[in-house]
Every structure is written in structure tokens, then in C-alpha cells.
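One structure is given below, encoded as C-alpha cells.
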Amino acid sequence: MSTQHLTYRGTVYPWHCDHVGHMNVMWYVGKFDEATWNLFHQIGITPGYLREQQRGMAAVDQHIEYKRELKAGDVVTVYTEILELHDKKIRFRHEMRSGDGGGKTGEVAAVTTLLGVHMDTQLRKSCAFPPALSEQMQEFMLHQAGGPAGK
């Protein structure tokens, strides 16, 4: 069974809510974006790496499913798993959960799947992950799967 990694913990503030009192979609995307950068840091795609190697990451595809509305005061967490890793691309899934939903702790509020592409920021085109970074990401995937070959 796959193990997801904690990549975000936060709170829904009143200014995150729309006219009907629920967190607006822009804030779901923002919290998922913060989770993405935490994932990248955990797998070695750090700000230092990006600056020093003149690299970047671009989201090229994203799908979001809204499952449960969140309200001001809700505590949320995002758990993430890498679904696929290729020479230039990474596909991952974030699951946002309510941390305190009136007895519904841990209920899934939203899920998003993203495809990111590794880029050379000088040439403005995709490029392969370096071998050391690929190895680090593969190791991360092994731990999330609980052992070799997802077993």
C-alpha cells in the first residue's frame, strides 16, 4: 500500500472564503501549490538547486476534484504521492484533508493531479533531471511504496 507524504499543513482564514462562506477555489490551488514546493524540496528540487543549475519546473497539466467544502477555521493538511517519474517529467497527486471538520477529521476535501516538467531556464525548454536527482526521487518513491516495486 502506498504511503503519502505530508507536504502542507495550514488553516482556512475568513479572507479565503467566498460570498457563501466556503473556501474559494483560488485558495485550494494556492495550498496545493505550497504543497508542491514542499514536495519538490523533499525530493531535492530545492530553491538552491534551481538557482545554481539554472533550472525550473513548469506545471503543464492539472486536474482538481472538489469533494467537500472547507470553511473559515478549518485546519487542512495535504498529503502527496508521486505517481510517475520520467527523464524530464513528474506526475504527482495531492490529497487535501480536513483536520477538524466537526467530527470528520481526515475527510478528503479535494484532490489534484499535476504533471510537472523540468526545464532549462536559459534555453527555455525541457531537460532531463540529473542522475543524482533522479536517484533521490526514485528513493522517495520506494519509501512511499513501502519497498521495492511498490510491495
Side-chain angles (χ1 to χ4, degrees), residues 1-13 15-16 23-70 73-101 104-151:
M1 181 172 166
S2 179
T3 301
Q4 298 172 321
H5 298 270
L6 178 65
T7 52
Y8 176 84
R9 184 182 308 273
T11 303
V12 178
Y13 288 98
W15 58 86
H16 293 160
M23 188 166 76
N24 186 275
V25 297
M26 71 180 278
W27 295 101
Y28 284 87
V29 173
K31 291 176 187 301
F32 282 138
D33 186 59
E34 289 185 59
T36 296
W37 289 108
N38 280 294
L39 168 68
F40 286 171
H41 191 270
Q42 290 178 28
I43 62 176
I45 305 173
T46 63
Y49 163 78
L50 294 170
R51 283 189 291 268
E52 292 162 14
Q53 301 300 313
Q54 298 180 335
R55 297 295 182 252
M57 293 297 295
V60 296
D61 189 56
Q62 181 174 11
H63 298 270
I64 301 175
E65 296 176 60
Y66 300 98
K67 307 256 186 199
R68 177 184 180 279
E69 293 169 329
L70 295 169
D74 285 347
V75 172
V76 296
T77 53
V78 175
Y79 290 87
T80 305
E81 64 181 321
I82 297 174
L83 302 174
E84 297 176 73
L85 185 59
H86 301 281
D87 64 333
K88 301 176 184 181
K89 301 182 292 185
I90 182 171
R91 183 179 303 278
F92 51 95
R93 179 180 185 272
H94 292 307
E95 187 175 275
M96 184 181 295
R97 300 178 193 164
S98 172
D100 180 19
K104 299 177 183 175
T105 299
E107 187 173 339
V108 176
V111 175
T112 189
T113 303
L114 292 110
L115 176 63
V117 175
H118 186 244
M119 296 183 61
D120 180 313
T121 58
Q122 297 301 302
L123 298 176
R124 305 297 293 169
K125 62 184 233 178
S126 64
C127 64
F129 292 110
L133 185 56
S134 290
E135 288 175 24
Q136 188 170 338
M137 292 188 288
Q138 290 290 344
E139 183 69 23
F140 184 91
M141 288 181 72
L142 278 176
H143 288 298
Q144 96 183 0
K151 294 182 181 164

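Listed here is the closest heavy atom pair of Asp120 and Leu123: OD1-N, 2.9 Å. For the residue pair Val108 and Arg68, the shortest heavy atom distance occurs at O-CB, 3.6 Å. In terms of heavy-atom proximity, Ala58 sits nearest to Met119 at CB-SD, 3.5 Å. Across all non-hydrogen atoms, the minimal contact from Leu85 to Ser134 is CD2-O, 4.3 Å. In terms of heavy atoms, Trp37 sits closest to Leu50 at CZ3-CD1, 3.7 Å. Considering all non-hydrogen atoms of both residues, Val117 and Ser126 come closest at CG1-CB, 3.5 Å.
Using modelled atom types, no side-chain atom of Asn24 and backbone atom of Trp27 make a donor-acceptor pair closer than 3.5 Å. At least one donor-acceptor pair under 3.5 Å links the side chain of Gln42 to the backbone N or O of Leu6. Panel note: side chain His118, backbone Lys88; no donor-acceptor pair is recorded below 3.5 Å. In this structure, His143 contributes its side chain and Phe140 its backbone to no donor-acceptor pair below 3.5 Å.
Note that OG1 of Thr77 is 11.5 Å distant from NZ of Lys31, once rounded to the nearest 0.5 Å. Between atom CG of residue Asp33 and atom OH of residue Tyr8 there is a gap of 11.0 Å, rounded to the nearest 0.5 Å. We find the NE2-CD1 distance between His5 and Ile82 to be 7.0 Å, quoted to the nearest 0.5 Å. Residue Leu142 holds its CG atom at 13.0 Å from CE of Met137, rounded to the nearest 0.5 Å. Here the CG atom belonging to Asn38 is positioned 8.5 Å from the NE2 atom belonging to His41, to the nearest 0.5 angstrom. Atom-to-atom distance recorded for Glu52:CD and Thr46:OG1 is 7.0 Å, nearest 0.5 angstrom.
At a threshold of 4.5 Å between non-hydrogen side-chain atoms, the residues Thr7 and Tyr79 do not count as touching. Within the 4.5 Å cutoff, the side chain of Gln62 has heavy atoms near those of the Ile64 side chain. Contact check for Arg91 versus Leu114: no side-chain heavy atoms found under the 4.5 Å cut-off. Residues Ser98 and Leu70 have side chains in contact (heavy-atom distance under 4.5 Å, counting atoms from C-beta outward). In this structure, the side chains of Val111 and Arg93 come closer than 4.5 Å at one or more pairs of heavy atoms. Between Ile43 and Ile90, the closest side-chain pair of non-hydrogen atoms falls below 4.5 Å.
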Next on the checklist: Please evaluate residues His63 and Thr112 with respect to the criterion side-chain contact (heavy atoms from CB on, under 4.5 Å), reporting the C-alpha separation (whole Å), side-chain torsions for both, the decisive distance (0.1 Å), and the verdict.
Outcome noted: CA-CA 5 Å; His63 298 270; Thr112 189; 5.6 Å; no
Item to check | Pair Thr11-Val76, side-chain contact (heavy atoms from CB on, under 4.5 Å): steps then yes or no | outcome: CA-CA 6 Å; Thr11 303; Val76 296; over 6 Å; no
Next on the checklist: Using the rule given for side-chain contact (heavy atoms from CB on, under 4.5 Å), can you reason through Glu95 versus Gln4, listing the C-alpha separation, both sets of side-chain angles and the distance that settles it, and then say yes or no?
Outcome noted: CA-CA 9 Å; Glu95 187 175 275; Gln4 298 172 321; 3.6 Å; yes
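With sequence neighbours left out, the salt bridge (charged side-chain N to carboxylate O under 4.0 Å, His left out) criterion links Glu65 to Lys67. Scored by the side-chain contact (heavy atoms from CB on, under 4.5 Å) test, Gln53 finds Tyr49, Arg55 as partners (sequence neighbours excluded).
Between Phe92 and His94, the ring-plane angle classifies as perpendicular under the 30° and 60° cut-offs.
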